[in-house]
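Before any comments, here is the structure.
For the single chain, residues carry numbers from 1 onward in sequence order.
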Amino acid sequence: MKFLECPSLDRLNDFFGDLNLGERTIRGCLEAYTCKHAGTDKKLSISLENEMLELIEKSCSPDSPPPDDMLLTRSSRRTLIYLILTLYHMYPDYDFSAVKAHQFFTEESWDSFKLIFDTYMFEASKEWDETVGDVSLLDTLYMALDEVVKLGDCEIYGYVPDSEADPLVEKGAIWSFNFLFYNRKLKRIVTFRFSCFSNLVADGFLMDGVLNEDDDEIFADMDI
């Protein structure tokens, strides 16, 4: 994967860099990559492909559960490999060798993504309106993504790690989201990670739980 410089994303990254909202801080980052192999990508890609084929072979046993749909065709396996390789580039100090297909969910539309963004980034959007104020934060995000990956041709994926395998949990995030906007035609992916950290933790307070009560309702509407 090769990182792409995108000025349209830089403005948003400047805003999301360290957004202090009093008791909480929002951090976000958008990155664009081509799907062309670079460095160790080819070796890792072959290793991932072999592991997937082994899982398919094992699933042929009568006592084994059927394989995930993302493993059934070469095209879908290639997509899954691109997604995992992208995670490695997003978090270069973290090992994603144990990531499974079911940890990626596919959003049906921009509206599905918008539901999560509006819910969790409400305060950030208000701050944007007050400090920037020309176009809404969500509309600015839409235009930037559309410029880089053409949203109309994109598949939108979310990555939901197991709790013990979430890189951001180790850094104290209250909640975090990782979205990947993948355009097959352009062979390009834009990642968008955004998370929330409590400023109270730094002052010696403890947090009870990491998600709020509405999370189950939001994820219940998604295709897993």
Side-chain angles (χ1 to χ4, degrees), residues 1-19 21 26-38 41 70 75-76 78-92 103-161 168 175-196 218-219 221-224:
M1 314 289 285
K2 182 180 178 181
F3 177 79
L4 298 174
E5 295 285 350
C6 299
S8 60
L9 303 182
D10 291 342
R11 183 189 184 199
L12 288 160
N13 284 332
D14 288 341
F15 177 75
F16 287 129
D18 197 24
L19 184 59
L21 299 172
I26 300 288
R27 296 188 189 125
C29 182
L30 293 115
E31 296 176 340
Y33 297 92
T34 67
C35 294
K36 183 178 180 180
H37 287 162
D41 287 342
M70 287 191 77
S75 175
S76 59
R78 184 182 298 114
T79 296
L80 181 56
I81 289 171
Y82 285 149
L83 297 177
I84 295 175
L85 289 177
T86 303
L87 291 179
Y88 272 100
H89 285 271
M90 292 171 67
Y91 303 103
Q103 291 173 268
F104 293 96
F105 62 84
T106 308
E107 291 294 293
E108 294 182 355
S109 67
W110 172 261
D111 288 339
S112 301
F113 166 80
K114 180 177 178 294
L115 172 64
I116 294 176
F117 186 90
D118 284 344
T119 300
Y120 285 88
M121 300 294 274
F122 176 75
E123 291 180 79
S125 296
K126 286 180 60 178
E127 182 68 17
W128 174 275
D129 291 340
E130 293 172 2
T131 57
V132 181
D134 51 353
V135 179
S136 73
L137 179 58
L138 184 64
D139 287 344
T140 302
L141 175 63
Y142 182 96
M143 290 185 290
L145 289 170
D146 192 54
E147 178 181 326
V148 179
V149 284
K150 307 300 179 186
L151 282 174
D153 296 325
C154 272
E155 300 163 16
I156 305 176
Y157 292 90
Y159 169 58
V160 182
L168 288 175
W175 51 255
S176 63
F177 293 92
N178 292 283
F179 285 95
L180 302 97
F181 300 82
Y182 172 45
N183 188 313
R184 290 177 183 266
K185 296 178 182 178
L186 295 178
K187 294 186 177 180
R188 185 177 293 182
I189 293 176
V190 171
T191 67
F192 181 31
R193 45 183 163 171
F194 55 101
S195 51
C196 177
I218 292 174
F219 283 104
D221 295 331
M222 297 179 184
D223 290 334
I224 302 297

Worksheet item: Are the aromatic ring centres of Tyr159 and Tyr157 under 6.0 angstrom apart?
Response: no

message = With heavy-atom distances below 4.5 Å as the criterion, would you say the side chains of Ile189 and Val149 are in contact?
response = no

Contacts of Glu127 meeting salt bridge (Lys or Arg N to Asp or Glu O under 4.0 Å) (sequence neighbours excluded), chain-then-number -> none

Is any side-chain heavy atom of Glu155 closer than 4.5 Å to a side-chain heavy atom of Arg184? yes

With sequence neighbours left out, the residues meeting salt bridge (Lys or Arg N to Asp or Glu O under 4.0 Å) with Asp146 are none

Between the CD atom in Glu147 and the SG atom in Cys6, the distance rounded to the nearest 0.5 Å is 7.5 Å

To the nearest 0.5 Å, atom CZ of Phe194 lies from atom SG of Cys29 at 12.5 Å

Margin query: With heavy-atom distances below 4.5 Å as the criterion, would you say the side chains of Phe192 and Asn178 are in contact?
Written below: no

Between Arg193 and Met90, the two heavy atoms sitting closest are NH1-O, 3.1 Å

Item to check | Expected output: side-chain Arg188 to main-chain Leu4 donor-acceptor under 3.5 Å | outcome: no

Rounded to the nearest 0.5 Å, the CE atom of Met121 sits from the CG atom of Leu141 at a distance of 8.5 Å

With sequence neighbours left out, the residues meeting side-chain contact (heavy atoms from CB on, under 4.5 Å) with His37 are Asp41, Lys42, Ser45, Tyr82, Leu85

Applied to residues 127-149, the ring pair (Phe, Tyr, Trp, His ring centres under 6.0 Å) test, sequence neighbours excluded, yields Phe15-Trp128, Trp110-Tyr142

Residues passing the side-chain contact (heavy atoms from CB on, under 4.5 Å) test with Lys185, sequence neighbours excluded, are Asp153, Asn183

Value for CG (Leu180) from CD1 (Ile156), rounded to nearest 0.5 Å, stands at 10.5 Å

Nearest heavy-atom contact between Val135 and Thr140 is O-OG1, 3.6 Å

_Can you classify the ring geometry of Phe179 versus Phe177 as parallel (below 30°), tilted (30 to 60°) or perpendicular (above 60°)?_
parallel

Here the pair of heavy atoms bringing Leu186 nearest to Val148 is CD1-O, 4.0 Å

Note: Ala124 and Leu21 closest approach over all heavy atoms is N-CD1, 4.2 Å

Check: Would Leu137 and Leu12 count as a side chain to side chain contact (heavy atoms under 4.5 Å, CB included) if you check the C-alpha gap in whole Å, the side-chain angles of each, and the deciding distance to 0.1 Å?
Finding: CA-CA 9 Å; Leu137 179 58; Leu12 288 160; 3.7 Å; yes

Interatomic distance, CH2@Trp175 vs OG1@Thr119, rounded to 0.5 Å, equals 10.0 Å

Asp118 meets the side-chain hydrogen bond (donor to acceptor under 3.5 Å, both in side chains) criterion, sequence neighbours left out, with Lys114

Those residues at least two apart in sequence (or on a different chain) that pass ring pair (Phe, Tyr, Trp, His ring centres under 6.0 Å) with Phe181 are Phe113

For residues 4-18, the side-chain hydrogen bond (donor to acceptor under 3.5 Å, both in side chains) pairs (sequence neighbours left out) are Arg11-Asp134, Asp18-Arg27

Residues passing the ring pair (Phe, Tyr, Trp, His ring centres under 6.0 Å) test with Tyr33, sequence neighbours excluded, are Phe3, His89

Residues Asp129 and Ser136: closest non-hydrogen pair is OD1-CA, 4.0 Å

